[in-house]
Amino acid sequence: MPERSWYVDASLVGDDHVYCAGTLAQCVRRWKRLSEVEKSGAFLRVNKITDGYTRLERNELERLALEPKLALV
């Protein structure tokens, strides 16, 4: 994934439930606190200015959760 801003609008959703709506950093932090069952059905919607949103699945969320830059935001 190319470098993206931690401040971009995002929402963490799964199984008809919104866990977080805010910035990418907020949603990744919230994802880290989900149970394994909740993580299995959750995904992240990252808003794009021009054409809707990008959907990030569990493997990408796991990678983002390990980013050292997340602690600085």
Side-chain angles (χ1 to χ4, degrees):
M1 181 174 86
E3 187 70 28
R4 81 170 71 227
S5 171
W6 286 105
Y7 300 104
V8 67
D9 289 333
S11 55
L12 179 63
V13 297
D15 297 331
D16 298 326
H17 184 81
V18 177
Y19 295 106
C20 178
T23 65
L24 176 60
Q26 290 170 324
C27 291
V28 172
R29 286 187 187 113
R30 176 67 177 106
W31 184 83
K32 289 170 63 172
R33 296 189 314 264
L34 294 180
S35 70
E36 286 301 314
V37 172
E38 292 170 324
K39 284 180 180 180
S40 67
F43 64 92
L44 190 68
R45 292 176 59 158
V46 179
N47 294 341
K48 292 170 43 178
I49 294 172
T50 56
D51 57 351
Y53 67 91
T54 301
R55 181 177 170 145
L56 302 179
E57 299 294 337
R58 183 177 182 150
N59 61 344
E60 188 65 25
L61 283 165
E62 288 173 347
R63 191 189 69 71
L64 286 172
L66 297 174
E67 282 283 330
K69 293 179 184 176
L70 180 60
L72 303 174
V73 179

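Atom set for the values below is all heavy atoms of this structure, side chains included, hydrogens, waters and symmetry mates excluded. Source: prediction; values computed, not measured.
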>> When you group the ILVMFWY residues by side-chain heavy-atom contacts below 4.5 Å and let the links chain together, are Leu24 and Leu70 in the same group?
In response: yes

> Roughly how far, to the nearest 0.5 Å, is CG of Leu44 from CH2 of Trp31?
Replying inline: 10.5 Å

>> Between Glu38 and Leu12, is there a side-chain heavy-atom distance shorter than 4.5 Å?
In response: no

>> To the closest 0.5 Å, what do you measure between CG (Leu61) and CZ (Arg30)?
In response: 13.0 Å

>> Show the nearest heavy-atom pair for residues Gly22 and Cys27, with the distance to one decimal.
In response: N-SG, 4.1 Å

> About how many Å separate OG of Ser40 and CG of Leu34, when rounded to the nearest 0.5 Å?
Replying inline: 10.0 Å

> Under 4.0 Å between a Lys/Arg side-chain N and an Asp/Glu carboxylate O for Glu36 and Arg58?
Replying inline: yes

>> Please report the interatomic distance NZ(Lys39) to CZ(Arg33), rounded to the nearest 0.5 Å.
In response: 11.0 Å

>> Let me confirm one number: the CG-CZ distance from Leu64 to Arg29, rounded to the nearest 0.5 Å.
In response: 12.0 Å

>> Between Val13 and Phe43, is the side chain to side chain contact (heavy atoms under 4.5 Å, CB included) condition met? List the steps.
In response: CA-CA 6 Å; Val13 297; Phe43 64 92; 3.2 Å; yes

>> To the nearest 0.5 Å, what is the distance between CH2 on Trp6 and NZ on Lys69?
In response: 9.0 Å

>> Under 4.5 Å between side-chain heavy atoms, counting indirect links through other Ile/Leu/Val/Met/Phe/Trp/Tyr residues: same cluster for Val28 and Tyr53 or not?
In response: no

